[in-house]
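By convention here, the first residue in the shown sequence is residue 1.
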Amino acid sequence: MSDRFEAWLESSGLVKPADVESAEEAAEESGELLGEVLIRRGFLDEREAYRRLAGHCGIAFAEFEALLDSIDPQVVRSVPRPYQDRKRVIPVLRRQGVLVVVTCDPDARVLDLADALACESVELKLVTPTDFRRVQWALDLGQLGTGRPVRPQVAYGSDLLDHDVRVEPAHVGLLDAILADAAGERASDVHLERFRDRVQVRLRVDGALREVSHYQIQSHQLQGIVNVLKVRARLDIAERRRPQGGRMAARIGGRDFDLRVQTQPTLHGEYAIVRLLPQGRDLFSIETLGFSPGLAARCRRLLRSPSGLVLVAGPTGSGKSTTLYAGLQVLAADTTRKIISVEDPIEYSVDGVEQTQVRPELGFGFADAMRHFVRQDPDVIMVGEIRDPETALEALRAAQTGHLVLSTVHANDSVDAVQRLYDLGMHPNSIAGELLAVFAQRLARRICEGCRAECEPDAELLSEVFPRGAPEGFRTFRGEGCERCRGLGHFGRTAVGELLPSSRELRLAVSRHAALDELRAVAQGAGLQPMRESALELVNAGVIAFEVLPGLFRADMLAG
């Protein structure tokens, strides 16, 4: 990352002055460059920054996928690799006397390459540092016909391999290149799947799975890749009949990740899923999750409560844990309160919170932790999930004894979360007395701001959502696809939520175990704005696309 980048960054307005100041201090301590710290902490989007830098410098910006189709391996091999590494340049193509050179340094000097390769001129293309490394690794791994595989530079927190296990270097290199791709694409998960006669690599980006087509992996190679994952995650490499789960730490593209590994035997052999959890970056705040200012203020007020139970509800993958961590950051800023959490797993470290990992193999689960915690003089207790009657009972008891308890529960909406506590056998009076609020949410893909445009809504979906006709002034938008979003039309996700606060009417209905529909009517009468309404507001504001709604809500929840 060049000095020119840093000088431009300070005047670009891409980051807040306070974030720059904080990153400058960290850069001085670590010896990193300012831009690297900003990207690692999540203050700066690497691709967006380099795209704008390319425009500022008058250089073409290039995407990784487009480069793979145009690289000539013979041109690459014509320049020694040490020179490419030192100068941060890769000559990729020669056409009609013009040498095309890829670099991540806008100050790169490449005229000597034109002379050395007898070209009349040079066309410079700027890529992000992550994509520069991905091009190198694609070349090293033979994806472009450049010879024997070489392992990319991915550092792991434990020993790479058990010496009693035979794994080919190509398997190691393939796995590292796939993980580098995942990090570069902002993927949350990697799926390595095997079918009868093919292997499929898919990345989950912004909640949607997308196939990566430039890997040609054979079935026997996938088992080698799975074996590497097993060794790194300290799983049993000989066990192929049962599912296994483990974790490992890795540094990929200059960033630290906690990787969660799951393997699963299937009809055609084992497949693996890797979840990538970026570490060392600032977590989301309540405001940056996408909540409206009014809803964010109500959430903050709840966190100041002295006691009671606050639940975050939603299906798997709806961002419940992220919302809890955002709340923990608010609580941790108040040094007058003692905060303890028990989690499975601990996804992010929060300064100021005593975080504990459950250990089922030792008989230490959520309920056991809760019983110990109440003896340690805490003010706030966070339990990662209420999934069984014992944990639910201990959470309510902790709330009854003067603690603020935060947790998550799997439920479709805030009223379903109350029903979930009934199903777990909790007494209606206990629920009514201690439940402060339920926040229910989904995650929806954001329309890319670089290509957002107003559009006509799908007529069939419009009639489903508004059986009596759409309200006046209702508008819909979509992303048309651009360089920023790589043609997808969406970039990032936002939360769609609803907050069910406790009220006298709701407590009375809960205490007499009212039916679900009656509870929902009481909640709406007390001011609950259903998630459907929040989602439609985001559609009308151009934040999310109208077409994503069926993927967020069941048909009975979607129809107005």
Side-chain angles (χ1 to χ4, degrees), residues 298-314 320-321 323-325 327-328 330-332 334 336-344 353-356 358 363-411 414-440 499-514 516 519 522-523 526 528:
R298 294 170 71 189
C299 290
R300 285 182 175 274
R301 176 62 186 89
L302 278 172
L303 295 174
R304 293 199 296 270
S305 302
S307 63
L309 175 63
V310 177
L311 295 177
V312 181
K320 299 186 298 295
S321 296
T323 298
L324 269 190
Y325 278 113
L328 281 181
V330 174
L331 290 164
D334 181 3
T336 65
R337 304 174 85 181
K338 172 75 172 181
I339 309 164
I340 305 178
S341 78
V342 56
E343 306 169 48
D344 182 25
V353 179
E354 296 288 354
Q355 297 174 265
T356 303
V358 300
F364 182 74
F366 284 127
D368 305 290
M370 295 287 289
R371 283 191 289 270
H372 287 286
F373 283 176
V374 294
R375 307 188 193 108
Q376 298 173 21
D377 190 32
D379 296 288
V380 182
I381 299 174
M382 191 273 267
V383 55
E385 182 183 349
I386 293 178
R387 61 176 68 149
D388 55 68
E390 192 178 12
T391 303
L393 181 60
E394 294 300 332
L396 285 173
R397 283 177 175 172
Q400 288 169 343
T401 53
H403 304 90
L404 178 62
V405 181
L406 312 178
S407 190
T408 68
V409 64
H410 283 86
S414 55
V415 180
D416 277 345
V418 179
Q419 180 62 48
R420 176 66 176 149
L421 293 178
Y422 288 149
D423 294 342
L424 290 172
M426 299 302 100
H427 195 283
N429 284 338
S430 295
I431 300 172
E434 304 308 326
L435 185 62
L436 277 181
V438 181
F439 183 81
L499 179 64
L500 173 62
S502 180
S503 65
R504 181 178 181 277
E505 294 79 9
L506 186 65
R507 287 193 296 270
L508 289 173
V510 170
S511 64
R512 56 185 170 82
H513 200 161
L516 193 62
L519 272 180
V522 170
L528 169 70

Atom [atom1] in [X], atom [atom2] in [Y]: separation rounded to 0.5 Å?
X: Leu309; Y: Ile386; atom1: CG; atom2: CD1; answer: 5.5 Å
X: His403; Y: Arg337; atom1: NE2; atom2: CZ; answer: 11.0 Å
X: Leu302; Y: Leu404; atom1: CG; atom2: CG; answer: 8.5 Å
X: Met426; Y: Leu396; atom1: CE; atom2: CG; answer: 6.5 Å
X: Leu519; Y: Leu500; atom1: CG; atom2: CG; answer: 8.5 Å
X: Thr408; Y: Arg387; atom1: OG1; atom2: CZ; answer: 8.5 Å

Would you say that [X] contacts [Y] through its side chain, given a criterion of any heavy-atom pair below 4.5 Å between the two side chains?
X: Val310; Y: Phe439; answer: no
X: Arg420; Y: His410; answer: no
X: Leu324; Y: Glu343; answer: no
X: Glu390; Y: Met370; answer: no
X: Val510; Y: Tyr422; answer: yes
X: Thr356; Y: Phe373; answer: yes
X: Asp334; Y: Ile339; answer: no
X: Asp379; Y: Thr336; answer: no

Please report, to 0.1 Å, the donor-acceptor pairs under 3.5 Å made by any side chain of residues 429-436, with sequence neighbours excluded.
none

Taking all non-hydrogen atoms of both residues into account, name the closest pair between [X] and [Y] and its distance.
X: Gly308; Y: Ala399; result: C-CB, 3.7 Å
X: Ala392; Y: Leu424; result: CB-CD1, 4.0 Å
X: Tyr325; Y: Gln355; result: CE2-NE2, 3.9 Å
X: Leu516; Y: Gln419; result: CD1-CB, 3.9 Å
X: Gly363; Y: Asp368; result: O-OD2, 3.2 Å
X: Gly365; Y: Val358; result: C-CG1, 4.0 Å

Exercise. Is the backbone of Pro428 close enough, under 3.5 Å, to the side chain of His513 for a donor and an acceptor to pair up by distance?
Worked result: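 Not confirmed, His513 side chain does not pair with Pro428 backbone.
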Problem set entry | Any donor-acceptor N/O pair, Ser407 side chain to Leu311 backbone, under 3.5 Å |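 Answer holds: no.
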For this session: Before giving the answer on side-chain contact (heavy atoms from CB on, under 4.5 Å), spell out for Leu406 and Leu303 the whole-Å C-alpha distance, their side-chain angles and the decisive distance to 0.1 Å.
Result: CA-CA 9 Å; Leu406 312 178; Leu303 295 174; 4.2 Å; yes
Exercise. Can you name the residues that form a side chain to side chain donor-acceptor pair (under 3.5 Å) with Thr391, not counting sequence neighbours?
Worked result: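 In terms of side chain to side chain donor-acceptor pair (under 3.5 Å), with neighbours along the sequence ignored, Thr391 is linked to Asp388.
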